[in-house]
Amino acid sequence: MATATKRATPGRVKGETLHDGFLRHRNFRWMKIATLLSLIAIAGYFLIDVQPRHNGGSWYGYGLGTIGALLILWLTLLGLRKRSMTRGRWSLKAWTSAHVYLGLSLIVIGTLHTGFQFGWNVHTLAYALMMIVILSGLYGIFAYATLPVALSNNREEMTQPQMLDALRSIDRQLHDAGQPLEHHLAALVQSSLDQDPFGGGLIRRLSGRYPNCATRAAQAAIRRETAYKPNLGEDPLEKVDALLVRKEAILARVRRHLKLKAMLEVWLYVHVPITFALIAALSAHIVSVFFYW
Amino acid sequence: MAESYRIAIVGSGPAGLSAAARAAQLGISHVLLEKTDHLSDTIYKYQKGKHVMATPSQLVLRSDMDFEAGKREKILGTWDDQTAGHKVNVKYNAEAKAIAGQAGDFTITTTKGETIRAETVVMAIGTQGNPNLVRCPVGEGATVQYQLDDPGEYIDEHITVIGAGDAGIENALGLAADPEQRNTVTIVNRSAEFSTAKDANIKALLAAEAIGRMQILRETTSSAIDKGMITFDTRDGEVKVRCDRVIARMGSAPPRGFVESCGASFEDKDGKKVRVAGTGIEFSSADRVSYPVLSPTFETTTPGIFVIGALAGYPLIKHCMNQGHDVVEFINGNTTLKPADEPILVGKFKDLPGKKSVDEWLEFLRTNITILDALSPLQMREFMLDSEARFYRKGETIFERNAPGSSLFAIASGSVLVQVSPADPGITVPIGSGLIFGEVGLISGRRRGATIIAAEDSVCVEISRTAALRLQSQVPAAKAAITRISTERQLLQMFGSGLTSADLGGVLDGATIIPVSAGKPVITEGEEGDDIYVIRSGSMVVEKTVGGKPVFLSYLPAGSYVGEMTLIAGGRRTATVRAAVKSEVIKLSGAAMRAVMEQKPALLEKVRRDMAGRQDVNAFIEAKKDSFSGVVDMYSSVATFLVDQGVGEATDVLLIDENLCVGCDNCEKACADSHDGLSRLDREAGKTYAHLHVPTSCRHCEHPHCMADCPPNAIHRGPDGEVFIDDTCIGCGNCQRNCPYGVIRMDSVPPKKPGLLSWLFFGAGPGPGEPSKKWSYAHAEPGVEKPKKAIKCDMCSGIEGGPACVRACPTGAAIRVAPEDFLSVSRLEREES
Ligand SMILES: Cc1cc2nc3c(=O)[nH]c(=O)nc-3n(C[C@H](O)[C@H](O)[C@H](O)COP(=O)(O)OP(=O)(O)OC[C@H]3O[C@@H](n4cnc5c(N)ncnc54)[C@H](O)[C@@H]3O)c2cc1C
């Protein structure tokens, strides 16, 4: 508005409120740089005549190899950058953006470096590990780009501790409400209380499906029990039934939450360890190349 | 026959205790009356184990009682011992209810009906006041209490909490928190809404209700409390509920009424006993924060009654104790005693030219600066403790345009020049000796509007915001002067156009300042009216009804004006302007404005231009409404959501775009690692709308609620506009309670962690982010007590690169914005593309 006293906040450009995600950072700056890098590498591959054929040992191959190795080391440093809160004008978003696009350009640089010569040796091992890291990274980009919305929708302003709190509180009520029930019904309730509703390992967590869910089983059994009884409004079973329905709903929410969080994280368990394997293989590759030279 | 003493001291807090100890030392006959059965109730009620701080550190302690920073228990223990050692005559369970008589012969009546006679009375009852009592009949054997020390104490009880303010809600939640205690908790609220409580508390309460952990009775009052049973008046009639214990948290009555009536004469009016005006102890003004009028020896307007300590406006223990010592010396006839703050004042004046004593300097400032004229010498001392006297050479810059600052300046000698035009420093307006400048920052907390330089060698006083507010409450004339000057300058600055204060005379005479509560309109669409409103503090939103729905048009921060359209173009109001937060507007009469515009075509031109700009925005939105109604609805509802979240009073707020947030919490970790290992933000908590999430983190409000009641005055606005808490924090928790957004936590600094690399390679330490309580506990330096202090976001001020939360976000989800930038149409334009 014309009369607003504009306060120039230092360290913030006015336009920055129109924020971008890491993929679009600075109008795809790193995508452009990475594409250019790849194009130059490809053009070089076709324009430079290497005899008898392209391979890692030509001067051009060495060039690509050096660039690739340095890139790999630099890309690995993201892990350090993320965790070390030093002063200075860096932005992790810019780093992630560069990491993603330069990492992708490695597909081109690495592949051209091989000269398409593969075999059962440490060199190809390094290449294969690199591709695994990149592929897991591609999944990561996909997850980062698509899952946050689902995560946000699912939690509906609840925090994870709040969800777990709500669950515990329903359990307490179930515990009390289950007391007056007949033994076999009380046992059903108890089974819901006893079960770790999120147990069953990574696969279960990622799938979000829990076929042996004791709560669902208990609820179904109690439904069968109450189906033919008139609803008088004072049957303790009705209360247990209602509580189990609520528990199922909150369980479903927490399970979705954990599933999404797992999907956002699981790839890192491939990406990071394989990176270290890659660096080991890469070192072996470099040492052996120079050793046999 | 009543007991008779030379000095009766009421209240055994640090102030009263120190006074009594001095009296005992001097061998003066005295009595110390204490309401409770222990000494110093305010400190007694601190949280167990609280580290009590001894600020300000430059101030020397002058008391017969010892006091140094340390645990509450140790301090109370020392005082108990020394009270006995000095043979102080303490009367416990003696709450003074009335004080009558005059100097030389006062009679103090206690609530138990005892009377005590004394020649002089020293009031040191602090500011805690008395809790409001339940008004319904309380039967024999029923338990009603007004405080809850440890919610863990009660098990297997049916407990009713009366009053759903923050204290009541926190107590109820505490009692119901652990189901192992098996308490049945009911909380009673007089109305349907919880208007006085913090949002976070209300949410927690409703959540507890939803999961059946407690019962909330709305629109209910208690009508009788009996042993084991409480009776309520509800909307649906009388209800009886089992109840073993009632905890009443219905606020407390400040002690002002009692203090005012001391030594007063009373008359009958309509069958009620009322105080005769001009008798009793006079307060400086009707403001809520106002203190008794005192002489340099702490004597009130009723001779023979003295007031010291927090009640006198000195909220720190050291001040209180020094005053206790001094007041007894004064009463005992010591006239040469210099106040203990003398060395601090000597320090404040030491760099000024010319050799003057502290008293001479104080007198010089008081007589030369118009707004200080009415201060007493004691007030003047107190005033200078919170202010700075500075000497500027000719040509020196006092402050720069756009620099942040909330202090007020007054010129004691010399004069200054205001560079009114950012483009040409040559254009200046002089301000002469005795006058003030810098008032804009004081009123709206916004940045400085112009650069000010000294026109000649000058002595100025920089008055801190606290001192300025206190001054205004003490001296009504100062308040009126500051208001008039600030209004005039705000208009001159806003309208520019070569206006001078002479031009504005007519407008200013008719100008009124109107407080507007949040959500209330100042202008309503479709109404008649041509007055102009200037937003003095707070902020407003402009809305227009399009297609039957209100559409958000724009956000107006303090320092803008509205209402010019009907004034210029005629017709009815075309939009509604509502206060986004509690605000103040200056209403200028349309007729007077029109007269000025006729004389000053430049002003008319400027207002026309502003109006055209706004009309463009309105037209743009209305046009879009047809073609992109979804986008406009979205823009409008997001803006409304943010304003509801208090973003309207923010100056800088952290938002998280949940389209991008992967929940890695790197923002929290970065925050902790940039600030002694404590995070000042809770990413996940907070409201979300259309995937825009407002996390629990400081918004750096324009008028920070946290600053309202800080005893050591430790909360300031810093150079980048950040609101921060300095080292003098005493950990009292007032700011935490006053913050409506729940962004302040009380905690002690965890031990230092091993470096990142030793964690990465050797697994040493807890890794990035805030260490767990367990780790901190295990690695605490033995024997070193770390005080819990208030902790909040400081916008990473002083850290190169800016806020760590934003820098450390890997996906770009975390952004910090100023509302006037974020709530602008440019967002709409972009979203559309
Ligand atoms: C949580 C908290 C933490 C704080 N931490 C610190 C700190 O670390 N350092 C610091 O310097 N300051 C601190 N303060 C401020 C400090 O406690 C007070 O400023 C100080 O106690 C005021 O002293 P006083 O003697 O004026 O009054 P108080 O200490 O309030 O004492 C008043 C006494 O008068 C009694 N009384 C009241 N009415 C009557 C009556 N009618 N008849 C008889 N007796 C009566 C009361 O029972 C009480 O014992 C803190 C305050 C709070 C609330």
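- Proximity to chain A (any heavy atom under 4.5 Å) is shown, for B:Ala813, by neither the backbone nor the side chain.
- B:Asn659 touches chain A through backbone and side chain together, each having a heavy atom under 4.5 Å away.
- Once rounded to the nearest 0.5 Å, the distance linking SG of B:Cys661 with CG of A:Leu264 reads 9.0 Å.
- Distance alone, capped at 3.5 Å, is enough to place a donor-acceptor pair between the A:Arg87 side chain and the B:Gly798 backbone.
- With a 4.5 Å cut-off on side-chain heavy atoms, A:Lys82 and B:Asn666 count as touching.
- With contacts defined as side-chain heavy-atom distances shorter than 4.5 Å, the pair B:Val806/A:Lys93 does not qualify.
- For the pair B:Arg213/A:Ser169, a side-chain contact is recorded, criterion being any heavy-atom separation below 4.5 Å from C-beta on.
- No other option in B:Gly802, B:Gly801, B:Pro810 has as many heavy-atom pairs under 4.5 Å with chain A as B:Pro810.
- Neither the backbone nor the side chain of A:Ile170 comes within contact range of chain B, judged by heavy atoms closer than 4.5 Å.
- If you measure heavy-atom distances from A:Lys261 to chain B, the contacts under 4.5 Å come from the side chain alone.
- Proximity to chain B (any heavy atom under 4.5 Å) is shown, for A:Arg81, by neither the backbone nor the side chain.
- Here the side chain of A:Glu157 pairs a donor or acceptor atom with the backbone of B:Thr688 at under 3.5 angstrom.
- Atom SG in B:Cys664 sits 6.0 Å away from atom OH in A:Tyr144 (nearest 0.5 Å).
- Proximity to chain B (any heavy atom under 4.5 Å) is shown, for A:Gln160, by both the backbone and the side chain.
- Side-chain contact between A:Leu92 and B:Arg807: absent, with no pair of heavy atoms (C-beta onward) separated by less than 4.5 Å.
- Environment of OH in A:Tyr269: sparse, with no more than 12 heavy atoms of neighbouring residues, nucleotides or ligands closer than 6.0 Å.
- Side-chain polar atoms of A:Thr159 and B:Glu684 form no donor-acceptor pair below 3.5 angstrom.
- With a threshold of 4.5 angstrom between heavy atoms, A:Leu80 approaches chain B through its backbone and through its side chain.
- By the ring-ring contact (aromatic ring centres under 6.0 Å, His included) test, B:Tyr689 pairs with B:Phe641, sequence neighbours left out.
- Here OG1 of B:Thr811 is found 12.0 Å from CG of A:Asp20. Values are rounded to the nearest 0.5 Å.
- The contact between B:Leu756 and chain A is made entirely by side chain atoms (from C-beta outward), counting heavy-atom distances below 4.5 Å.
- Only the side chain of B:Leu760 comes within less than 4.5 Å of a heavy atom of chain A; its backbone N, CA, C and O stay farther away.
- With a 4.5 angstrom heavy-atom cutoff, B:Leu757 touches chain A only via side-chain atoms.
- Not a single ring-ring contact (aromatic ring centres under 6.0 Å, His included) links A:Trp90 to another residue, sequence neighbours left out.
- One finds no salt bridge joining A:Arg172 and B:Glu180 here, because no Lys/Arg side-chain nitrogen approaches an Asp/Glu carboxylate oxygen to under 4.0 Å.
- Proximity to chain B (any heavy atom under 4.5 Å) is shown, for A:His175, by neither the backbone nor the side chain.
- Residue contact with chain B, scored on non-hydrogen atoms closer than 4.5 Å, is absent for A:Ser97.
- A 4.5 Å side-chain heavy-atom check between A:Pro148 and B:Glu658 finds every atom pair outside the cut-off.
- Taking chain A as the reference chain and counting heavy-atom pairs below 4.5 Å, the highest number among B:Asp682, B:Asp657, B:Val542, B:Ile535 is found for B:Asp657.
- With a 4.5 Å cut-off on non-hydrogen atoms, A:Arg246 touches chain B through its side chain but not through its backbone.
- Distance check, rounded to the nearest 0.5 Å: OG of A:Ser152 to CG of B:Leu660 gives 11.0 Å.
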